[in-house]
Amino acid sequence: MTPVGAADPGSSTPAGATSPGSSTPADPTAPADSDLVRAARGLPVRRTPVWFMRQAGRSLPEYRALRAGTRMLEACQDPDLVTEITLQPVRRHGVDAAILFSDIVLPLVVAGVDIEIKPGVGPVVAQPVRSVADVDALPALEPERLEFLATAVRSLVAELGATPLIGFAGAPFTLATYLIEGGPSKEHARTKAFMYAEPEAWRRLLDRLAVSAATFLRVQADAGASAVQLFDSWAGVLSAADYAERVLPHSRAVFEGLGDRDVPRIHFGVGTGELLALIGDAGADVVGVDWRVPLDEAARRVGPGRSLQGNLDPAVLLADRATVDREVRRVVEQGRAARGHVFNLGHGVLPETDPDVLTAVVELVHELTAR
Ligand code: CP3
């Protein structure tokens, strides 16, 4: 089978010529030398790589058709469905990376925590974590239970050819918000109250979540994922001081759990303008930026040693084409201030997005940045 997104075979160089540390592309058919990985490392690229958070999902009619009749968390544990759903946006849009179809709560579900994803709501936890005893009762994630995940990643890597697969996990803080609130919330007040009132239990909870996130990422990296993204979606509700003291060490532990696996690390949260430098310090090669801070300013906040990912406002994709075109150009221009730029949205694709607009954005970013 021809790999999805494979480069023209006539342009390939022998596999032995790959030199990931070099500044000239050596093997355009290797995902480890893809523009995504190169931009993440701050190396020159053929053109700015682009993918979209939540690119697999309800903006695509072929996703809705395939998912019909299967519950979200069951779909995430079926390697054939995971493979097909992950490939759909790569085929349709020509994005420069696939992101594993899964969910941030999956490691908890596999470990045995009773969680359901309610359509239009998000993850709902049957018995929220509200006490020290609840923390200690959380089951650990046994790596042997992740065979389905390794199988899905291996089949994806085989199908994707030159296109890199991004593995991911939810960061300890964001997972803690679901466990403590019992479901999605705006203020995360119970979570913060627990963090302040029970500092020891909080540390134990985040320690445990870091261990399971690291296990989840290691399985994906070992099965062939070319990069990983740690989603700390809701970390932006914290002050920099609280983030630095009570959250960052646990996110750093997740990245450290990857050991010397040579995969670039992307770290992202929403509303993290005041935290961007700290998010980088947690161990990221690439800092994800939402739409609130322009990328040139984000580059200043993050400093020279890291690349940036982002940051088109997903709502812009619902506007007219002239607006989309103008905003894409602005993001590309401001992204030039970064060491490396991975074009993305500032958060996930909204379900009502016209998929043809996503395809047009990929084409425009490529056209604007072709070297
Ligand atoms: O394409 C991709 O980005 C890969 C798949 C992916 C999903 N969830 C699929 C999904 C990824 C990377 C996630 C991560 C995730 N899940 C995050 C971090 C990213 C972010 O948005 O900040 C968070 C916070 C969650 C928790 C979660 N899961 C929410 C808030 C929801 C939406 C609820 C809804 O129905 O609107 C989910 C469900 C979910 N995860 C869906 C998909 C495709 C929709 C479920 C469905 O199709 O029925």
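Both counts, for ligands and for their atoms, begin at 1 and track the order of listing.
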Evaluation steps, side-chain contact (heavy atoms from CB on, under 4.5 Å), between Tyr243 and Ile279: CA-CA 9 Å; Tyr243 176 81; Ile279 296 241; 4.1 Å; yes

Nearest non-hydrogen protein atom, atom 40 (N) of ligand 1: Asp103 OD1, 2.9 Å

Applying side-chain contact (heavy atoms from CB on, under 4.5 Å), run through Arg92 and Leu358 and close with a yes or a no. CA-CA 9 Å; Arg92 184 193 261 264; Leu358 292 171; over 6 Å; no

Side chain or backbone of Thr174 under 4.0 Å from ligand 1, or both, or neither, by non-hydrogen atoms? neither

Atom indices of ligand 1 within 4.0 angstrom of His347 heavy atoms, with elements: 20 (C), 21 (O), 22 (O)

So if I count the atoms of ligand 1 from 1 in the order they appear, which ones are less than 4.0 Å from some heavy atom of Ile99? 1 (O), 2 (C), 3 (O), 4 (C)

Mark yes when over 12 heavy atoms from residues, nucleotides or ligands other than Glu62 sit less than 6.0 Å from its CD; otherwise mark no. yes

Which of the numbered atoms in ligand 1 are under 4.0 angstrom from any heavy atom belonging to Trp234? 24 (C)

Would you mind running through ligand 1 and noting each atom that sits below 4.0 Å from a heavy atom of Ile117? 38 (C)

Taking distance alone, with no angle check, do Gln55 and ligand 1 share an N/O pair under 3.5 Å? yes

May I ask you to list the atoms of ligand 1 that are less than 4.0 angstrom from any heavy atom of Phe231? 12 (C), 18 (C), 19 (C)

For atom 41 (C) of ligand 1, which protein heavy atom lies nearest, and how many Å away is it? Met72 CE, 3.8 Å

What protein heavy atom sits nearest atom 30 (C) of ligand 1, and how far off is it? Tyr178 OH, 3.7 Å

Hey, are the side chains of Phe101 and Gln88 touching, using non-hydrogen atoms and a 4.5 Å cut-off? no

How far apart are the closest heavy atoms of Gly170 and Ala213, and which atoms are they? O-CB, 3.7 Å

Taking atom 23 (C) of ligand 1 as the reference point, the nearest protein heavy atom with its distance: Ile104 CD1, 3.4 Å

Contact between Leu100 and ligand 1, counting heavy atoms under 4.0 Å? yes

Heavy atoms, side chains only, cut-off 4.5 Å: are Phe173 and Leu209 in contact? no

Could you tell me whether the side chains of Thr83 and Asp80 share a donor-acceptor contact shorter than 3.5 Å? no

Flag the pair Arg326 / Val328 as yes when at least one side-chain heavy-atom distance between them is below 4.5 Å, and no otherwise. no

Pull out every atom of ligand 1 sitting under 4.0 Å from any heavy atom of Met53, numbered as shown with elements. 3 (O)

State the atoms of ligand 1, each with its element, that fall below the 4.0 Å cut-off from a heavy-atom position in Ser233. 18 (C), 19 (C), 20 (C), 22 (O), 24 (C)

Which residue and non-hydrogen atom of the protein lie closest to atom 7 (C) of ligand 1, and at what distance in Å? Ser102 O, 3.1 Å

Among protein heavy atoms, which sits nearest to atom 43 (C) of ligand 1, and what does the distance come to when rounded to 0.1 Å? Tyr63 OH, 3.5 Å

Under 6.0 Å from the CZ atom of Arg71, do we count more than 12 heavy atoms belonging to anything else shown? no

Contact (N/O only, under 3.5 Å) between Arg67 and ligand 1: yes

Suppose we measure from atom 11 (C) of ligand 1 to each protein heavy atom; which comes out shortest, and what is that distance? Phe168 CZ, 3.6 Å

Picking from Val247, Leu175, Thr272, Thr177, what satisfies side-chain contact (heavy atoms from CB on, under 4.5 Å) with Asp232? Val247

Please check whether Gly120 reaches ligand 1 - meaning an N/O of the residue sits under 3.5 Å from an N/O of the ligand, judged on distance alone. yes

Suppose I only count heavy atoms of Phe101 and a 4.0 Å limit; which atoms of ligand 1 are within that range? 43 (C)

Check this for me - ligand 1, Ala56, N or O atoms closer than 3.5 angstrom, yes or no? yes

Are more than 12 heavy atoms, taken from residues, nucleotides or ligands other than Glu274, located less than 6.0 Å from that residue's CD atom? no

Could you walk me through whether Trp51 and Asn344 pass side-chain contact (heavy atoms from CB on, under 4.5 Å), step by step? CA-CA 6 Å; Trp51 68 280; Asn344 205 314; 3.1 Å; yes

How far is atom 29 (C) of ligand 1 from its nearest protein heavy atom, and which residue and atom name does that atom have? Arg54 NH2, 3.5 Å

Indicate yes or no: at least one non-hydrogen side-chain atom of Glu333 is less than 4.5 angstrom from one of Asp296. no

Would you say Pro184 touches ligand 1, if touching means a heavy atom closer than 4.0 Å? no

Might you confirm whether atom CD of Glu352 has over 12 heavy atoms from other residues, nucleotides or ligands at distances under 6.0 Å? yes

